Amino acid sequence: HCGLLRVNLAEVRNALADKADSLMRGVGGLAMTEVRDAALGVGKAYERIHERLQASSDSAEEAVAMKEYLASCEKEMAQHEETISLEVHTRLELLESFKMSLPD
């Protein structure tokens, strides 16, 4: 007695491919959300700087304080830029390197 069993894994392979595609889209969406949130944070920081620059200096002490504030703003913005750049590169590397092997 000889029995043959034939298994068609096309549906399983297609389901795995769909799940991998959904996962990749989810990771991409998450990365974009995080980058957008970071960009909004930088935008709010620029708004605070703009508001502070609108105030006039009535004394030498206020002028010195404003100069120090401007120097600190430059550092803060550079840190934000560096953080966002690193996040974007990290997320892009993840998206580019994400792979899932599927059986034939």
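These numbers come from a predicted model, not from an experiment. Excluded from the calculations below are hydrogen atoms, water molecules and symmetry mates; all remaining heavy atoms, backbone and side chain alike, are included.
Exactly one residue among Arg48, Gln54, Glu47 makes a side chain to side chain contact (heavy atoms under 4.5 Å, CB included) with His50. That residue is Gln54.
Of the possible polar contacts, one joining the Glu62 side chain to the Asp58 backbone as a donor-acceptor pair under 3.5 Å is found. Ser85 places no side-chain N or O within 3.5 Å of a backbone atom of Glu81 that could act as its donor or acceptor partner. Side-chain atoms of Asp21 never come within 3.5 Å of backbone atoms of Ala17 as a donor-acceptor pair (strictly under, hydrogens ignored).
Heavy atoms from other residues, nucleotides or ligands lying under 6.0 Å from OH of Tyr69 number more than 12.
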